[in-house]
2 protein chains.
Amino acid sequence: MEQVKKLSSLFKVLSEPNRLRILTSLGLECRPVSAVIADTGLSQTNVSFHLRKLREMKLVRGEKNGSFVFYCISDPELLELLNRFREWGAKS
Amino acid sequence: MEQVKKLSSLFKVLSEPNRLRILTSLGLECRPVSAVIADTGLSQTNVSFHLRKLREMKLVRGEKNGSFVFYCISDPELLELLNRFREWGAKS
DNA sequence: TCAGTATATGCGTTATCGCTCATATGTGAG
DNA sequence: CTCACATATGAGCGATAACGCATATACTGA
């Protein structure tokens with residue numbers, strides 16, 4: 001029961017196109033918010049909004065560096081799982 | 001771009017707790033809607049509603065047998081992917 | 001044909017979500 | 001301290017999603 005809820009909220013966070021773009025924009029590196037904004041073309045407010053969701057679900061973490069905040073994907077295995085799903089969705 | 005949209009809508013369908021319950025209720029077998037209703041405790045209307053979403057995303061398929069409709073998960077690999085995610089979400 | 005069972009669908013309501021606007025907080029430069 | 005830049009947050013709006021209710025369709029058996 002509680003497993004289901006956790007899994008569903010994980011999928012919910014991943015179900016947003018812009019959040020997926022943000023995740024792939026980060027990739028394996030740690031990048032400042034401004035880089036993600038430039039990459040995705042989304043508004044600053046919007047990127048910040050989505051990064052919060054990703055942070056709350058612990059999919060990314062933010063590290064302060066001067067006036068910048070560098071965000072990175074918490075666990076690289078997430079990218080692998082995303083690829084698995086992408087490949088699976090592509091077939092048929 | 002289009003990849004992202006497809007992936008996100010796949011996750012969107014999976015982001016509903018009741019739909020996850022329905023999927024795990026089906027498992028590897030083909031079961032009539034009434035069995036899923038009994039299993040999940042959801043209303044008939046609600047189960048039908050969710051099964052439609054799963055059908056539209058081609059995650060399940062329904063086969064008529066008399067006055068029953070047996071639903072099955074289209075590709076067993078989906079269950080495997082779900083387990084991968086569940087295990088991944090459990091750690092940490 | 002009629003009654004009963006199994007499933008699907010349209011409508012209306014409520015809740016949730018993504019987004020933006022305005023504003024706040026924090027940091028480095030001068 | 002003040003200004004500019006980088007990021008975060010709260011309020012409000014419009015779109016979308018889930019759910020229940022009522023009803024429709026489809027099949028079965030008497």
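Convention: sequence-line order gives letters A, B, ...; per-chain numbering from 1.
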Taken to the nearest whole Å, CZ/B/Phe68 to P/C/dA8 is 12 Å
Between A/Leu42 and B/Thr45, just flag the one whose closest nucleotide in DNA chain C comes earlier from the 5' side.
-> B/Thr45
So, is A/Tyr71 close to the D/dA8 phosphate, meaning a side-chain N or O under 4.0 Å from OP1 or OP2?
-> yes
Mind checking whether B/Phe11 and B/Phe85 have parallel, tilted or perpendicular rings, split at 30° and 60°?
-> perpendicular
Rounded to the nearest Å, what distance is computed from the CZ atom of residue A/Arg21 to the P atom of nucleotide C/dC19?
-> 9 Å
Ranking C/dA6, D/dC19, C/dG26 by distance to the side chain of B/Glu16, first place goes to D/dC19
Between D/dA8, C/dG18, C/dT7, spot the one nearest the side chain of B/Ser34, thanks.
-> C/dT7
Here the distance between atom P of C/dG18 and atom CG of A/Leu14, to the nearest Å, is 12 Å
Are any of the side-chain heavy atoms of B/Val4 and A/Arg21 separated by less than 4.5 Å?
-> yes
Does A/Lys12 or B/Val47 map to a spot on DNA chain C nearer the 5' end, using the closest nucleotide for each?
-> B/Val47
Could you tell me whether the phosphate oxygens of C/dA8, OP1 or OP2, come under 4.0 Å of any side-chain nitrogen or oxygen in B/Ser48?
-> yes
Got more than 12 heavy atoms from elsewhere within 6.0 Å of CD, A/Glu29?
-> no
Value rounded to 0.5 Å, distance of CG in A/Asp75 from CH2 in B/Trp88 | 5.5 Å
Rounded to the Å, how far apart are B/Ile22 CD1 and D/dA18 P?
-> 11 Å
Residue A/Ser43, side-chain atoms from C-beta onward, closest of C/dT20, C/dG26, D/dC19 | C/dT20
Which is true for B/Gln44 with a 4.0 Å heavy-atom rule: it touches a base, it touches only sugar-phosphate, or it touches nothing?
-> base
Once you round it to whole Å, what is the distance between P of D/dA6 and CZ of A/Arg31?
-> 15 Å
Below 4.0 Å: OP1/OP2 of D/dC27 and any side-chain N or O of B/Asn65 | no
Please give, in whole Å, the distance from C/dC19 C1' to A/Ile37 CD1?
-> 14 Å
Carboxylate-amine/guanidinium proximity below 4.0 Å for A/Arg31 and A/Asp39 | yes
Does the side chain of B/Ser67 get closer than 4.0 angstrom to OP1 or OP2 of C/dT5 through an N or O atom?
-> no
D/dA8 P sits how many Å from A/Phe49 CZ, rounded?
-> 13 Å
Are the charged groups of A/Glu77 and A/Arg84 less than 4.0 angstrom apart, N to O?
-> no
Check whether any side-chain N or O of B/Arg52 sits under 4.0 Å from OP1 or OP2 of C/dA8, and answer yes or no.
-> no
Mind calculating the distance between CD (A/Glu63) and C1' (D/dA6) to the nearest angstrom?
-> 17 Å
Which of D/dT9, C/dT7, C/dT27 is nearest the side chain of A/Arg55? It is D/dT9
With respect to the phosphate group of D/dA17, does any side-chain polar atom (N or O) of B/His50 fall under 4.0 Å of OP1 or OP2?
-> no
Has A/Asn46 got a side-chain N or O lying under 4.0 Å from the OP1 or OP2 atom of C/dT20?
-> yes
